[in-house]
Peer 1: 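Please see the structure below; I have some questions.
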Amino acid sequence: MRYNVVKDANKIINNSNYLIKNPQDNKGKWSILFGNNNPICLELGMGRGSFIIEMAKKHPNVNYIGLELDKSQTATAINNIKNQKINNLKMICADAKDIVNFFGKEIDTIYLTFSEPWPKKQDEKKRFTNESYLKLYDRIFKKNKHIILKTDNKILFASALESLSAYWYVFDKVSLDLHNDERNIENVLTDFEKQYFKEHRKIYYFEASFKG
Ligand SMILES: C[S@@+](CC[C@H](N)C(=O)[O-])C[C@H]1O[C@@H](n2cnc3c(N)ncnc32)[C@H](O)[C@@H]1O
């Protein structure tokens, strides 16, 4: 899938109430921003935002934050909200490696949806499931840790299983073909996934937790 370049991305981002411009100012205070104590779920690399927008609409009693590095993708996600008023949704345009500056111990679930696979050995550290990232997640999860991952990439999936196991996560659900899984696993499609669905590509999935 090609990434679109949005010419007036900065303007769209700056004018949006969904976009939190200085996320570091909300560290430890996201519940106040949302105005409730509902669980907070974070998607890293939300892309065009379909997944997080649909999840927020589907689960009004859960708060959702979509984080994305690329301004054009973020602007597209904001445009995709259209004129809907979704009180339990916020977005951040920033690098995932900086999450500890934005959050205290206040996140319930992290979604890793079709993250960059970084297949080369020398790039392993950049994977969102690398131990260096798991250590960052430790600092923003509430008491229990909960990661949900979807990918079409076998290398990323295998390395994620390995790295989370070594970090003492337990796998509550694993699927090697999410779209044809007979169990009733809730699945809201991401933008990339919509394309893969049409191509009948196999989607790997897991839900992992660590009870603190
Ligand atoms: C393959 S796309 C998947 C997008 C979306 N999750 C989906 O499934 O449609 C990966 C996204 O992660 C974003 N990304 C990559 N590295 C990132 C980082 N370090 N911090 C935040 N976002 C990042 C990219 O800009 C891109 O939009």
Peer 1: Whether the side chain of S163 engages the backbone of T129 through a donor-acceptor N/O pair (distance < 3.5 Å, no angle test) should be reported.
Peer 2: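 Here the side-chain-to-backbone pair exists.
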Peer 1: Looking only at non-hydrogen atoms, find the nearest pair between S16 and Y18 and report the distance.
Peer 2: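 Reported closest heavy-atom pair: OG-N, 3.0 Å.
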Peer 1: Which residue pairs pass the side chain to side chain donor-acceptor pair (under 3.5 Å) test when at least one of the two sits in residues 176-185, sequence neighbours left out?
Peer 2: S175-D181, D177-N180, H179-E193, D181-R183
Peer 1: For F171 and S165, which heavy atoms make the closest approach, and how far apart are they?
Peer 2: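 Looking at all heavy atoms of both residues, the shortest contact is CE1-OG, 3.3 Å.
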Peer 1: So does K120 pair up with D123, basic N to acidic O under 4.0 Å?
Peer 2: no
Peer 1: Using the ring-ring contact (aromatic ring centres under 6.0 Å, His included) criterion, which residues pair with Y167? Sequence neighbours excluded.
Peer 2: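 Per chain and number, Y167 pairs via ring-ring contact (aromatic ring centres under 6.0 Å, His included) with no residue.
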Peer 1: For atom NZ of K21, is the number of surrounding heavy atoms from other residues, nucleotides or ligands below 6.0 Å larger than 12?
Peer 2: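 Correct, the count exceeds 12.
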Peer 1: Of all the heavy-atom pairs spanning Y169 and L134, show the shortest one and how long it is.
Peer 2: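 The answer is CE1-CD2, 4.4 Å.
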Peer 1: State, without any angle test, whether T190 and K150 hold a side-chain donor-acceptor pair at a distance under 3.5 Å.
Peer 2: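 Looking only at side-chain atoms, K150 and T190 do not form any donor-acceptor pair under 3.5 Å.
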Peer 1: Just by distance, with hydrogens left out, do K90 and N26 show a side-chain donor and acceptor under 3.5 Å apart?
Peer 2: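 Short answer, no.
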Peer 1: Counting only heavy atoms not in N17, do more than 12 fall under 6.0 Å of its CG?
Peer 2: no
Peer 1: Going by side chain to side chain contact (heavy atoms under 4.5 Å, CB included), I203 matches just one of F197, F157, F114. Which one?
Peer 2: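 Of all the options given, the one that passes is F114.
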Peer 1: Can I53 be reached from I12 by stepping across I, L, V, M, F, W or Y side chains whose heavy atoms are under 4.5 Å apart?
Peer 2: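 Hydrophobic grouping puts I12 with I53.
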Peer 1: For residues S132 and N130, is any side-chain donor paired with an opposing acceptor at under 3.5 Å?
Peer 2: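 Yes, N130 and S132 have a side-chain donor paired with an acceptor closer than 3.5 Å.
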Peer 1: What residue pairs, at least two apart or across chains, pass salt bridge (Lys or Arg N to Asp or Glu O under 4.0 Å) with a residue in residues 132-147?
Peer 2: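 For residues 132-147, and leaving out neighbouring residues, the salt bridge (Lys or Arg N to Asp or Glu O under 4.0 Å) pairs sorted by first residue read D108-K142, E131-K135, D138-K145.
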Peer 1: Hey, are N10 and K71 close enough side-chain-wise for a donor-acceptor pair under 3.5 Å?
Peer 2: yes
Peer 1: Under the salt bridge (Lys or Arg N to Asp or Glu O under 4.0 Å) rule, what pairs show up with a residue in residues 152-166, not counting sequence neighbours?
Peer 2: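 Those involving residues 152-166 are D152-R201.
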Peer 1: Measure from the side-chain N and O atoms of D191 to the backbone N and O of S50, and report whether any donor-acceptor pair falls under 3.5 Å.
Peer 2: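 Yes, D191 side chain to S50 backbone: donor-acceptor pair under 3.5 Å.
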Peer 1: Is any side-chain heavy atom of L44 closer than 4.5 Å to a side-chain heavy atom of Y137?
Peer 2: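 They are in side-chain contact.
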Peer 1: I'd like to know if the side chain of D70 reaches the main chain of Q73, judged simply by a donor and an acceptor atom lying under 3.5 Å from each other, with no hydrogens or angles considered.
Peer 2: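 Present.
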Peer 1: More than 12 heavy atoms of other residues, nucleotides or ligands under 6.0 Å from NZ of K125: is that the case?
Peer 2: no
Peer 1: So does N101 get a backbone contact from the side chain of D98, meaning a donor-acceptor N/O pair under 3.5 Å?
Peer 2: no
Peer 1: Would T113 and E43 count as having a side-chain donor-acceptor pair, cut-off 3.5 Å?
Peer 2: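 Yes - a donor-acceptor pair under 3.5 Å links their side chains.
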Peer 1: With sequence neighbours excluded, what pairs up with F103 under the ring-ring contact (aromatic ring centres under 6.0 Å, His included) test?
Peer 2: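 Residues passing ring-ring contact (aromatic ring centres under 6.0 Å, His included) with F103: W30.
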Peer 1: Restricting to side chain to side chain donor-acceptor pair (under 3.5 Å), what partner residues turn up for E207, sequence neighbours left out?
Peer 2: H146, Y205
